[in-house]
Amino acid sequence: MANLDLLNEMQRRAVLQTEGPVLILAGAGSGKTRVITNRIAYLIEECGVNPWNIMAITFTNKAAGEMRERVDDMVGFGSESIWVSTFHSSCVKILRRYIDRLGYENSFTIYDTDDQKSVMKDVCKKLQIDTKNLKEKTILGYISSAKNEMISPAKFATENATDYHMSKVAMAYKEYQETLKKSNALDFDDLLVLTVELFEQCPDVLDYYQERFKYIMVDEYQDTNTVQFRLISLLADKYKNLCVVGDDDQSIYKFRGANIRNILDFERVFPETTVIKLEQNYRSTGNILDAANEVIKNNFGRKSKSLWTDKEEGELLTLKTFDNGFEEAEYIARDIRQGVSSGEFSYSDHACLYRTNAQSRLIEEKLIQNNVPYKLIGGVNFYQRKEVKDMLAYLKTIDNGRDDVAVKRIINVPKRGIGATSLNRVEDYAASNDLTFFEALMDCERIPGLGKAVTKINEFVNFIRVQRSKLGYNSLKEILESIMDGTGYIEELKTENTEESLARVENVEELLSKVVTYEESTDEPTLAGFLEEVALIADIDNLESGSDYVVLMTIHSAKGLEFPKVYLPGMEDGLFPSYMCINSDDPTDIEEERRLAYVAITRAMKKLTMTCARARMLRGETQYNKMSRFIKEIPGHLVDKGQSTGRSTVGAGSFGGFGTQPRTGAPTTASSGFGGMSAADLFKSNAFDKPKSTVKPDNSMSMLVKGNQMSKADGLDYGPGDRVKHIKFGVGTVVSTEDAGRDYEVLVNFDTVGPKKMFASFAKLKKI
DNA sequence: CAAGCCATAAACCTA
DNA sequence: TTATGGCTTG
């Protein structure tokens, strides 16, 4: 049941404006979900619209599920015929019915990333593209962006004819697309692109769906990309009852293809648009909102709006500057603990939002030391990340070869051609001679049957020996650096050049910073000492149990969430905004970064604490950064700067001033910025931060330390003679099943592709 | 040129 | 866990 009484004036207008194009600019915390659900209920109950004619589109399945639930609750009978889904699943439904018009079969398959990669592998082979320089993943990345912008292979080729590198990509794109078509397959992006093509080429189909979807609503509209916009424009073209809800100030996914022009130009594309601004915020205090408004005001390309609240001003924002990142993290940890022990807050009222994943390490450590339970959202604990574990395994091996697990972990990482067969031989030799694995490696000449692997193993052993001999002469930093570079580990990640791989580089660099601080803060730093310190931190993290914990995540993943108390560490130029944006030729990059700041600030309900460090260890080098320009955009009267902190105020005064607002006792040495330092080092570095690159946990295990992810299915529900169905190969007859150790091996004779041998736990065969 | 070893794919259906 | 193709090497 729609209930207009629970809505404010603007929300009510948004609900009542059912006809024509409507642009709802819903600021952070302004209750947009409530508006959408009420609007749907109102359409059905008051305007007599058939639920069948309503479509609501979201971005994620999760969001679709939530909306479905809330709509069901409110509408009741008939709600199941409302089309609530994501862009992609809508397209699948449409294409399953009509894609034959485009020369595909309606039984098309959808290729996942793995499938895409194997297609691309073939393509590269065929076109003789060297995948050492140009990774399949990288090419697929270009193709995906092209598809988001609806750039066809032909157009892509003409646009990139001059660049050698890109012309290769263009060739690959063309070949890739042809291969997909031949296999009657679509990739994820094709779902959208082909639906648009379908509508453009078949007016009757378009007309059918236009008649069907008389009322269309799109959530998180600021995140739409060009194809998605085209798609809804086509659908809404006839009745023009298109209602989009979004906030241009929260568009932070440009790097994923979102096109902010879609929201900025909406009124131009749809004349006679009713624009409704939801500006009353129900989340934050007055001071927090003012700060957010003042920051976002500095962006030029935006719809003017200004959030307000009838809540009280609340506490001032807190800004603390520290001498270094340690004190910053320490402060946050203590402040949280204090807030909790005072009884006013629980741990889960606190969130710590940072710009880059690597920043989590220091905070994690300090939280652990202070016994503050925390949970890392959308990420993995720093010391559990694969790349960090790899580096630590190298260090352990150098320290002493006794940790067999560590040695086995890295003996073939990066790949150096030492495979399972050789390792098994070494293992046997070690066992029968009562040696550690590494001792056996050193002895590898004597191991029978190793053959040419001996050379490879010796190279590895020598590398470790060389590093070992440096102990005591070279710094640990230098040793870790030679691991990073000498093994080619970092280089491999950099050439991969994906969001994920670059985040991994960042994490390794963060470990390097950790090494340097260890050396600086310890009288007699040793490798063993360092490993011990790390082990302590790395092991304690089982302490988190229960549901009350502090939340740690990137600002990107915090979109849509709210917390009573929010901490924003690392508010420094160079970190946030990142150097990449500061030095970018494209002025809109900094605007995107500012929107991110806006999102960050508006997550806070009661209390916002921003912190920055005068000196920060980045990539093993101490950087002296200015205070973030975004902080300077916040008027001084909103901020409690407190007393200048830090036990030793050595570098005091070298810090940037507090912007335009004069303030009490502020050491305003504005623009004194860089303390004569290595900005250049940052420029030459590739390792920029792309957000949201949730680095996967460490699944990889050395093949000798193999885990048991798949348990043998106890018994199969099919046997020889049974008819079974396979997702890719279709229907077939089981010829035989064989007990093969942990798994069953099944031989199936498929009707279309002939006999195939497969593993039961992989193939997920269904008896029919 | 043959042997042997290494690396990888076989699955799920993601914004 | 195993089959397979590709690569290296004697």
Side-chain angles (χ1 to χ4, degrees), chain A residues 57-65 85-92 108-119 121-122 125 131 136 141 144-145 147-148 185-192 219-220 223-225 227-228 252-253 255-258 378 411-426 449-457 499-500 556-557 559-560 692-694 696 699-704 706-713 725-729 738-748 750 753 755-766:
Chain A
I57 299 186
T58 61
F59 273 81
T60 65
N61 286 318
K62 184 162 163 274
S85 71
T86 66
F87 274 103
H88 289 90
S89 49
S90 304
C91 289
V92 173
F108 64 87
T109 40
I110 300 167
Y111 274 3
D112 66 10
T113 323
D114 282 348
D115 300 329
Q116 287 183 295
K117 243 199 262 174
S118 58
V119 171
K121 207 172 161 189
D122 292 344
K125 204 195 290 170
T131 50
E136 291 92 339
S144 178
S145 330
K147 287 183 177 176
N148 282 338
L186 312 192
D187 67 20
F188 221 55
D189 299 308
D190 284 336
L191 296 174
L192 297 162
D219 192 17
E220 300 285 3
D223 290 336
T224 49
N225 61 34
V227 212
Q228 288 162 337
I252 53 174
Y253 282 112
F255 66 91
R256 203 192 267 172
I411 176 129
N412 204 27
V413 177
K415 301 252 180 304
R416 38 173 83 86
I418 306 172
T421 325
S422 304
L423 292 185
N424 279 327
R425 293 209 168 115
V426 177
L450 270 187
K452 50 234 160 179
V454 168
T455 342
K456 314 264 176 67
I457 292 177
E499 244 180 72
E500 182 184 307
H556 276 91
S557 29
K559 198 175 101 176
K692 188 75 183 199
S693 33
T694 303
K696 288 199 196 99
N699 298 322
S700 78
M701 300 201 100
S702 148
M703 46 200 101
L704 291 172
K706 188 113 181 161
N708 51 334
Q709 314 93 309
M710 289 162 292
S711 57
K712 178 172 169 176
K725 193 175 177 192
H726 182 273
I727 193 146
K728 230 171 214 167
F729 302 134
E738 207 175 317
D739 196 326
R742 292 183 190 190
D743 203 350
Y744 287 99
E745 198 180 70
V746 186
L747 179 61
V748 184
F750 288 104
V753 288
K756 293 263 176 199
K757 254 188 190 170
M758 49 191 43
F759 288 100
S761 57
F762 280 135
K764 304 252 160 69
L765 293 168
K766 277 200 193 81

(request) Take the protein atom CG of A:Leu450 and the nucleotide atom P of B:dG4, then report the distance between them rounded to whole Å. (result) 15 Å

(request) Could you label the plane-to-plane angle of the A:Phe255 and A:His556 rings as parallel, tilted or perpendicular, counting under 30° as parallel and over 60° as perpendicular? (result) perpendicular

(message) Under 4.0 Å, heavy atoms only, any strand: does A:Phe188 hit a base, just the sugar-phosphate, or nothing?
(response) base

(message) Please report the distance, rounded to the nearest Å, between NE2 in A:His88 and P in B:dC13.
(response) 16 Å

(request) Could you tell me whether the phosphate oxygens of B:dT8, OP1 or OP2, come under 4.0 Å of any side-chain nitrogen or oxygen in A:Lys121? (result) no

(message) Rounding to an integer number of Å, can you tell me how far A:Ile418 CD1 sits from C:dC7 C1'?
(response) 16 Å

(message) Tell me the interatomic distance from A:Tyr111, atom OH, to B:dC12, atom P, rounded to whole angstroms.
(response) 14 Å

(request) Return the value, rounded to whole Å, for the distance between atom CG of A:Asp115 and atom P of B:dA11. (result) 8 Å

(request) Looking only at side-chain atoms of A:Lys415, point me to the closest of B:dC5, B:dT14, B:dA7. (result) B:dA7

(message) Measuring to OP1 and OP2 of B:dC6, would you say a side-chain N or O of A:Asn412 lies under 4.0 angstrom away?
(response) no

(request) Using distance alone, with no hydrogens and no angle criterion, decide if A:Asp189 and A:Ser144 have a side-chain donor and acceptor under 3.5 Å apart. (result) yes

(message) What's A:Lys62 touching, base or sugar-phosphate or nothing? Going by heavy atoms closer than 4.0 Å.
(response) nothing

(message) For B:dC6 and A:Ser422 - does any side-chain N or O of the residue sit under 4.0 Å from the phosphate oxygens OP1/OP2?
(response) yes

(message) So that I can tick it off, tell me whether A:Asp223 and A:Arg256 are bridged by a salt bridge, with the cut-off set at under 4.0 angstrom between side-chain N and carboxylate O.
(response) no

(message) Consider side-chain contact (heavy atoms from CB on, under 4.5 Å). Of A:Thr86, A:Leu192, A:Asp190, A:Leu186, which one does A:Cys91 pass it with?
(response) A:Leu192

(request) Rounded off to whole Å, could you give me the CD-to-C1' distance for the A:Glu500 and B:dT14 pair? (result) 14 Å

(request) Measure the distance from NZ on A:Lys117 to P on B:dC13 and round it to the nearest whole Å. (result) 18 Å

(request) Calculate the interatomic distance between A:Asp219 atom CG and B:dA15 atom C1'; express it in whole Å. (result) 15 Å

(message) Under 4.0 Å from OP1 or OP2 of B:dA9: is there any side-chain N or O of A:Ser118 that close?
(response) no

(message) Quick check: on DNA chain B, is the nucleotide nearest A:Arg416 upstream (toward 5') of the one nearest A:Thr60, or the reverse? Name the residue that is more 5'.
(response) A:Arg416

(message) Do A:Tyr253 and A:Lys559 have side chains that approach each other closer than 4.5 Å (heavy atoms only, starting at C-beta)?
(response) yes

(request) Using the P atom as the reference point in each nucleotide, state the distance between C:dT4 and B:dA11 in Å, no decimals. (result) 15 Å

